[in-house]
Chemist: 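Mind having a look at this structure? Questions to follow.
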Amino acid sequence: LSPDVERTFATLCTQAIEDGSVDRELHVDDTARWLTGLVVAPRAVRDTHPDVPADADLGVLRVIVTRWLHPARPR
């Protein structure tokens, strides 16, 4: 992936933090780097675990990313 992808994720993260749709405590550059990595990671996971249905794997990844980016809940 090109560096533009990571910059795009950083911009989106900044906007989402500003509007409160993701956790404000996330570090933008780290989050962008990991989101970029998650774009290419499914291929490696699929190669390592071909026995798990691809749709199930993507569903799990979606839940993980969604919960990770969810705004912090009040205590």
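The first residue in the sequence is number 1, and the count goes up from there.
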Chemist: Quick one: pull up CG in Asp57 and CZ in Arg46 and give me the separation to the nearest 0.5 Å.
Modeler: 5.0 Å
Chemist: For a 4.5 angstrom cut-off between non-hydrogen side-chain atoms, does Phe9 reach Val28?
Modeler: no
Chemist: Identify, with sequence neighbours excluded, every residue that meets side-chain hydrogen bond (donor to acceptor under 3.5 Å, both in side chains) alongside Asp29.
Modeler: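 Per chain and number, Asp29 pairs via side-chain hydrogen bond (donor to acceptor under 3.5 Å, both in side chains) with no residue.
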Chemist: State, with a plain yes or no, whether a side-chain heavy atom of Pro42 is found less than 4.5 Å away from one of Val45.
Modeler: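 With C-beta onward as the side chain, the pair stays apart.
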Chemist: Are Leu35 and Leu61 in one and the same hydrophobic cluster, where Ile, Leu, Val, Met, Phe, Trp and Tyr link if side-chain heavy atoms are under 4.5 Å apart?
Modeler: yes
Chemist: Measure the OG1-CD distance between Thr11 and Glu6 for me, rounded to the nearest 0.5 Å.
Modeler: 11.0 Å
Chemist: So Gln15 and Asp19, side-chain contact (heavy atoms from CB on, under 4.5 Å) or not? Walk me through it.
Modeler: CA-CA 6 Å; Gln15 291 169 350; Asp19 74 16; 5.5 Å; no
Chemist: Is Leu38 reachable from Val63 through a run of I, L, V, M, F, W or Y residues, each pair having side-chain heavy atoms under 4.5 Å apart?
Modeler: no
Chemist: On a heavy-atom basis, which atom in Ala10 and which in Ala32 lie closest, and how many Å separate them?
Modeler: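 Distance-wise, the nearest heavy atoms are N-CB, 3.5 Å.
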Chemist: In the structure I gave you, are the side-chain heavy atoms of Asp30 and Leu26 within less than 4.5 Å of one another anywhere?
Modeler: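 No, side chains not in contact.
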Chemist: Suppose we screen for side-chain hydrogen bond (donor to acceptor under 3.5 Å, both in side chains). Which residues come up paired with Asp4, at least two apart in sequence or across chains?
Modeler: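 Applying side-chain hydrogen bond (donor to acceptor under 3.5 Å, both in side chains) to Asp4 gives Arg7.
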Chemist: Nearest 0.5 Å, what's the CD-OG1 distance between Glu25 and Thr31?
Modeler: 11.5 Å
